[in-house]
Asks: 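Structure in C-alpha cells, see below.
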Amino acid sequence: MKIASFNINGIKARQPALLDWLREAQPDLAILQEIKSVDEAFPREVFEDLGYYVETHGQKGFNGVALLSKSPLEDVMRGLPGDDSDEQARWIEATLVGETNGQSQSLRVCGLYLPNGNPAPGPKYDYKLAWMERMKHRAAELLAAEEPFLMAGDYNVIPQDEDAARPDAWRKDALALPTSREAFRALVNMGFTEAFRATTQGPGHYSFWDYQAGAWNRDDGIRIDHFLLSPQAADMLSSCWIDKDVRGRDKPSDHVPVLIELDL
C-alpha cells in the first residue's frame with residue numbers, strides 16, 4: 001500500500017496540480033494538509049471521480065486536513081482531543097482496511113498539520129507546545145491498543161541540523177528551537193519509527209522550500225513533513241521517499257509529497 005503525505009497549500013490554488021500528481025503517483029491513500037477550505041467547499045467530486053473516498057476537516061481560509069483513500073474509511077474522527085476550545089482544523093483520524101496474504105488488516109491513520117509556532121516565544125509557540133503535548137496523549141492511547149497506526153503530515157519541526165540546508169538560519173525559529181526538537185523526540189521515543197530516517201540517512205533531503213529568495217533554485221530546503229509509525233506499522237514498512245521533483249512543476253506547493261510503502 002502506497003501512502004502519501006502532502007501539504008498542498010490551498011486546494012483552490014493547487015487542485016489541477018494535485019489531480020495531475022494523483023493520476024501519476026497513484027497513492028492508495030493521500031493525507032493532505034492546508035486545504036484552506038470549509039468542508040462544504042472542498043471539491044470532493046473530482047477526487048471521487050478518480051476513485052477516492054474523501055474525508056475532510058476544514059476551516060475557512062486556514063489550516064484544514066483531508067484524507068483521500070481508495071479503500072473505505074471507517075470511524076472517522078475530526079479534531080485532536082484534549083482541548084474542546086480549540087477550533088483550528090489540524091487533525092483527522094480514520095481506519096482503513098487492507099488485505100495481507102488473504103487476511104484482513106486494519107490501519108489507523110492520523111493526518112496532522114502541527115502549528116508553526118512563530119513568533120517564539122509567544123502565545124503561538126505556547127499553542128504549538130500544548131498541541132504537541134495533546135498529540136502525545138492521543139498517541140499513548142493509540143499505542144495502548146497495540147494495533148498498526150501512523151501519524152503523518154506537516155509537523156513544522158526540523159528534527160536535527162542535517163534536516164536543513166542552512167541550520168544556522170533556523171536557530172531562533174519555532175521549527176528548530178531546542179524545545180520543539182525535544183517535544184518531537186519525546187514523541188518518537190514513545191516507540192515510533194520515523195519512516196524516512198529508518199530508510200535514508202545523511203543530509204540534503206528536504207520536503208519544503210520557501211517561495212522567497214530563490215530557495216528552490218538554491219536547494220535551500222528543510223525537512224518538516226514526517227511519518228511516525230507504531231511498532232506494528234513499522235513492521236510493514238518497505239520504503240519511504242520524498243517526491244522532490246514536484247516542487248519544480250507549474251504552480252507548486254512550497255511542500256512536496258512524502259511517501260511510504262507498507263506491506264498491507
Side-chain angles (χ1 to χ4, degrees), residues 2-70 89-90 92 111-114 116 152-156 158 163-166 169-170 175 196 200 203-227 239-261:
K2 184 189 294 185
I3 302 175
S5 172
F6 194 178
N7 180 323
I8 59 171
N9 193 14
I11 188 62
K12 184 176 180 181
R14 234 60 67 188
Q15 179 179 319
L18 177 59
L19 287 169
D20 286 345
W21 180 80
L22 289 169
R23 293 186 186 101
E24 172 191 311
Q26 290 292 317
D28 299 291
L29 172 69
I31 303 167
L32 307 181
Q33 304 91 49
E34 275 202 278
I35 62 174
K36 299 181 180 179
S37 168
V38 296
D39 296 336
E40 296 78 12
F42 190 86
R44 57 185 307 119
E45 293 82 4
V46 298
F47 300 104
E48 289 171 345
D49 288 345
L50 290 182
Y52 287 100
Y53 295 89
V54 178
E55 297 290 348
T56 62
H57 180 37
Q59 182 178 347
K60 186 176 181 180
F62 298 95
N63 306 323
V65 286
L67 301 174
L68 310 179
S69 175
K70 290 187 176 179
R90 295 180 174 275
I92 189 168
L112 65 104
Y113 175 45
L114 204 147
N116 177 286
D154 177 359
Y155 280 72
N156 270 315
I158 304 168
D163 296 310
R166 293 183 301 120
W170 297 90
L175 278 64
F196 186 77
T200 305
H205 306 284
Y206 314 123
S207 62
F208 170 92
W209 295 260
D210 196 280
Y211 290 127
Q212 307 300 317
W216 166 244
N217 293 329
R218 295 184 291 110
D219 199 21
D220 183 12
I222 55 177
R223 193 177 70 90
I224 56 176
D225 302 271
H226 312 299
F227 275 87
S239 60
C240 178
W241 68 100
I242 298 171
D243 199 350
K244 179 179 179 179
D245 292 345
V246 174
R247 183 62 174 81
R249 297 182 182 180
D250 188 44
K251 296 182 179 179
S253 170
D254 41 9
H255 294 251
V256 296
V258 180
L259 301 99
I260 63 171
E261 286 271 8

Asks: Can you list everything that forms a salt bridge (Lys or Arg N to Asp or Glu O under 4.0 Å) with Glu261? Sequence neighbours excluded, please.
Replies: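 With neighbours one apart ignored, the set is empty.
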
Asks: Roughly how far, to the nearest 0.5 Å, is the CD atom of Glu34 from the CD atom of Gln59?
Replies: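 Going from CD on Gln59 over to CD on Glu34, the span is 10.5 Å.
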
Asks: If I take atom CG from residue Leu68 and atom CZ from residue Phe6, how far apart are they, to the nearest 0.5 angstrom?
Replies: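 Answer for the CG-CZ pair, Leu68 versus Phe6, is 11.5 Å.
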
Asks: Checking side-chain contact (heavy atoms from CB on, under 4.5 Å) between Leu18 and each of Val46, Val246, Ile11, which is the one that passes?
Replies: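 Going through the options one by one, the only one that passes is Ile11.
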
Asks: If you compare all heavy atoms of Gln33 against all heavy atoms of Asp154, which two are closest, and at what distance to 0.1 Å?
Replies: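 Scanning both residues completely, I find the closest heavy atoms to be OE1-N, 3.4 Å.
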
Asks: When the ring planes of Trp209 and Trp216 are compared, do they come out parallel, tilted or perpendicular, using 30° and 60° as the limits?
Replies: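 It falls in the perpendicular class, over 60°.
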
Asks: Looking at every non-hydrogen atom in both residues, tell me the closest pair between Tyr53 and Lys70 and how far apart they are.
Replies: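 Distance-wise, the nearest heavy atoms are CE1-O, 3.8 Å.
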
Asks: Report yes if the side chains of Pro27 and Ile3 come closer than 4.5 Å at any heavy-atom pair, otherwise no.
Replies: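 No; the side chains remain at least 4.5 Å from each other.
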
Asks: Got more than 12 heavy atoms from elsewhere within 6.0 Å of CZ, Phe62?
Replies: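 At most 12 heavy atoms, drawn from other residues, nucleotides or ligands, come within 6.0 Å of this atom.
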
Asks: Compare every heavy atom of Ser207 with every heavy atom of Ile224, then report the nearest pair and how far apart it is.
Replies: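 For Ile224 and Ser207, the tightest heavy-atom pair comes out as N-OG, 3.2 Å.
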
Asks: Measure the NZ-NZ distance between Lys12 and Lys36 for me, rounded to the nearest 0.5 Å.
Replies: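 Interatomic distance, Lys12 NZ to Lys36 NZ, rounded to 0.5 Å: 12.0 Å.
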
Asks: So how far is it from Asp243 CG to Leu259 CG, rounded to the nearest 0.5 Å?
Replies: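 Going from CG on Asp243 over to CG on Leu259, the span is 6.0 Å.
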
Asks: I would like to know whether Arg223 and Val258 meet side-chain contact (heavy atoms from CB on, under 4.5 Å); could you show each step before the answer?
Replies: CA-CA 10 Å; Arg223 193 177 70 90; Val258 180; over 6 Å; no

Asks: According to the salt bridge (Lys or Arg N to Asp or Glu O under 4.0 Å) rule, which pairs have a member within residues 246-260, sequence neighbours left out?
Replies: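 Sorted pair list: Glu24-Arg249.
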
Asks: Report yes if some heavy atom in the side chain of Asn9 is under 4.5 Å from a heavy atom in the side chain of Tyr211; otherwise report no.
Replies: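 They are in side-chain contact.
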
Asks: Rounded to the nearest 0.5 Å, how far does NE2 of His57 lie from CG of Leu67?
Replies: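 Reported to 0.5 Å precision, the distance equals 11.5 Å.
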
Asks: To check you understand the geometry: which heavy-atom pair defines the closest contact between Ser5 and Gly153, and what is its length?
Replies: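 The pair with the smallest heavy-atom distance is OG-CA, 3.2 Å.
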
Asks: Assess the residue pair Ile35 and Ile8 against the criterion (side-chain contact (heavy atoms from CB on, under 4.5 Å)); give the C-alpha distance rounded to whole Å, side-chain angles, the decisive distance to 0.1 Å, and a yes or no.
Replies: CA-CA 7 Å; Ile35 62 174; Ile8 59 171; 4.1 Å; yes

Asks: Any sub-3.5 Å donor-acceptor pair from Asp163's side-chain atoms to Ile222's backbone N or O?
Replies: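 No, the answer is negative, given that no donor and acceptor are paired below the 3.5 Å cut-off.
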
Asks: Quick check: closest heavy atoms across Asp225 and Asn7, and the distance to 0.1 Å?
Replies: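 The pair with the smallest heavy-atom distance is OD1-CB, 4.3 Å.
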
Asks: Mind listing the closest non-hydrogen atom pair of Leu114 and Asn156 along with its distance?
Replies: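 For Leu114 and Asn156, the tightest heavy-atom pair comes out as O-ND2, 2.8 Å.
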
Asks: Return the set of residues passing ring pair (Phe, Tyr, Trp, His ring centres under 6.0 Å) with Phe42 (not counting sequence neighbours), or none when no residue passes.
Replies: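 Expected list: Phe47.
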
Asks: Are any non-hydrogen side-chain atoms of Val65 and Ile31 less than 4.5 angstrom apart?
Replies: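 They are not in side-chain contact.
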
Asks: Can a donor-acceptor pair be found, under 3.5 Å and without considering hydrogens, that links the side chain of Arg14 to the backbone of Pro252?
Replies: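 Judged by distance alone, yes, a pair lies under 3.5 Å.
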
Asks: How long is the span from the CG atom in Asp219 to the OH atom in Tyr206, to the nearest 0.5 Å?
Replies: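 Result: 6.0 Å between the selected atoms.
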
Asks: Can Glu48 and Val54 be said to form a side-chain contact (heavy atoms from CB on, under 4.5 Å), step by step?
Replies: CA-CA 7 Å; Glu48 289 171 345; Val54 178; 4.1 Å; yes

Asks: Go through the steps for Tyr155 and Leu112 under the test side-chain contact (heavy atoms from CB on, under 4.5 Å), then give the verdict.
Replies: CA-CA 7 Å; Tyr155 280 72; Leu112 65 104; 3.6 Å; yes

